[in-house]
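Scroll down for the structure; my scribbles are underneath it.
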Amino acid sequence: MRSIWNGAISFGLVSIPIKLVNATESHSISFRQIHLKDGGRVRYRKICELEDRELTQDEISKGYEAADGSIIPITDEDLASLPIPTAKTIEIEAFVPADRIDPLQMDAAYYLSANGVPAAKPYALLREALRRSQKVAICKFALRGRERLGMLRVVDDVIAMHGLLWPDEIRATDEVAPDTNVTVQEKELDLADALMDTLGEVDLADLHDDYREAVEELIAAKASGEAPPVAPAEPRAGKVLDLMSALESSVRAAKESRGEEVAEVTPLKGKTPSRRPSGAASKERAGKKSTAGAKKTAAAKKTTRTTTGARKSTSTAKRSTSTSAATSTAATKKTAAKSTTGAKKTAAKKTTKKRASA
């Protein structure tokens, strides 16, 4: 590792010579700009606007643009002569618990290396003091033309320094907070908890940059004259219309992606959602459906028997009424017929007697 800054840590009256090296590195793939027509490289040249010529790096310095547009030259010697104690020293200001540091303030990370054999003992002393106290050191240091805020902590057997943004460099959240009052229901929180439990924890060492690997495969394929790999089309997910459906679908998808048995999540207000294996849930639902179906069938049969009985009673009543009416009508007709016959016989006898008398 190449040091980017040499100085010392000021720990009270103890001075620890150190070298500063970058703790992180970028693995992103960089591209060059080219002329699309012929593949020629496109370069940017530093041209002086007054002389209209390209300048070398030795001819270039810093300058501050004033409000009226004029440029005020500032050299490295001017910055080095500033009366700042942190120009070559990391000044420790205080020791605080690690949770006092807002992650929003975190900036670049560096490793501090002991510079020389005499620095080993005070370096180890500060390292072990930080480790035993379980605190971090807040410090100030100057780098690349400005004073910065920093935090020292122990990583393995090394003291690491995180650059911190100044508190006034953190923007307020007023402009990005939701404008409307949103009420979150208990059952939604229960499902969110279930989703968090399903996703669980992860070893950060297992995570990798899929995009960078895909770009490397693309470059290798084009360099060898092969067809670039084509990503398979992802199935289009159905549109989720409400938050509850989205949470339930997320829980199922997370379990399926891990090869786990999909669980039926039943959120209860104010309680932890119960989780039942899908097979048991299916059997239970099937049992409930069978019981409900049996009850419905029994009720339907009972209703049918009642209706049929009512129909039979009505039909019997109708037949009885019809029979009674028919019997009554026949009797009336028979009586009327007998009366008519009797009347005819009486009239005939009277006529015979009259003729005999004459």
* Asked: When clusters are formed from ILVMFWY side-chain contacts under 4.5 Å, directly or step by step, what else is grouped with I47?
  -> none
* **side-chain contact (heavy atoms from CB on, under 4.5 Å) involving Y44 - partner list, sequence neighbours excluded** => Q33
* Asked: Cluster partners of I170, using ILVMFWY side-chain heavy atoms under 4.5 angstrom, listed by chain and number?
  -> L104, L165
* Would you mind listing every side-chain hydrogen bond (donor to acceptor under 3.5 Å, both in side chains) that reaches into residues 15-26, with sequence neighbours excluded? => E25-H27, S26-S28
* **Set of side-chain hydrogen bond (donor to acceptor under 3.5 Å, both in side chains) partners for D52, sequence neighbours left out** => none
* If you link ILVMFWY side chains whenever their heavy atoms are less than 4.5 Å apart, which other residues fall into the same cluster as I60? By chain and number, please. => L55
* To do: Can you tell me which residue pairs pass the salt bridge (charged side-chain N to carboxylate O under 4.0 Å, His left out) test with a partner in residues 55-75, sequence neighbours excluded?
  => R53-E59, K62-D76
* To do: Check whether L149 and L152 end up in the same hydrophobic cluster, where Ile, Leu, Val, Met, Phe, Trp and Tyr are linked by side-chain heavy atoms less than 4.5 Å apart.
  => no
* **Contact list for residues 108-128, test side-chain hydrogen bond (donor to acceptor under 3.5 Å, both in side chains), sequence neighbours left out** => E128-R131
* Transitive ILVMFWY side-chain link V21 to I159, under 4.5 Å -> yes
* Structure fact -> Note: with side-chain heavy atoms under 4.5 Å as the link, the other cluster members for V117 come out as none
* To do: Tell me, please, which residues at least two apart from P97 pass side-chain contact (heavy atoms from CB on, under 4.5 Å).
  => D99, R100
* Looking only at atom types and distance, does a side-chain atom of R148 sit under 3.5 Å from a main-chain N or O of L143, one as donor and one as acceptor? -> yes
* Transitively linked via ILVMFWY side-chain contacts under 4.5 Å: I9 with F141? -> yes
* Over all heavy atoms of both residues, which pair between N6 and S3 is shortest? Give the atoms and the distance, please. => OD1-OG, 3.6 Å
* For atom CG of N181, is the number of surrounding heavy atoms from other residues, nucleotides or ligands below 6.0 Å larger than 12? -> no
* Asked: In terms of hydrophobic clustering (I, L, V, M, F, W, Y; side-chain heavy atoms under 4.5 Å; direct or indirect links), are V154 and V158 co-clustered?
  -> yes
* Asked: Should L112 and F11 be regarded as members of a common hydrophobic cluster, given that ILVMFWY residues are connected when their side-chain heavy atoms come within less than 4.5 Å of each other, either directly or indirectly?
  -> yes
* **Side-chain donor/acceptor of S133 to backbone N/O of K135, under 3.5 Å** => yes
* **Stepwise side chain to side chain contact (heavy atoms under 4.5 Å, CB included) check, I92 with I138** => CA-CA 6 Å; I92 294 179; I138 303 301; over 6 Å; no
* Please list all pairs passing the side-chain hydrogen bond (donor to acceptor under 3.5 Å, both in side chains) test where one or both residues lie in residues 204-225, with sequence neighbours left out. => H208-D210, R212-E216
* **Sequence neighbours excluded - side-chain hydrogen bond (donor to acceptor under 3.5 Å, both in side chains) pairs with any residue from residues 159-169** => R146-E169, R153-H162
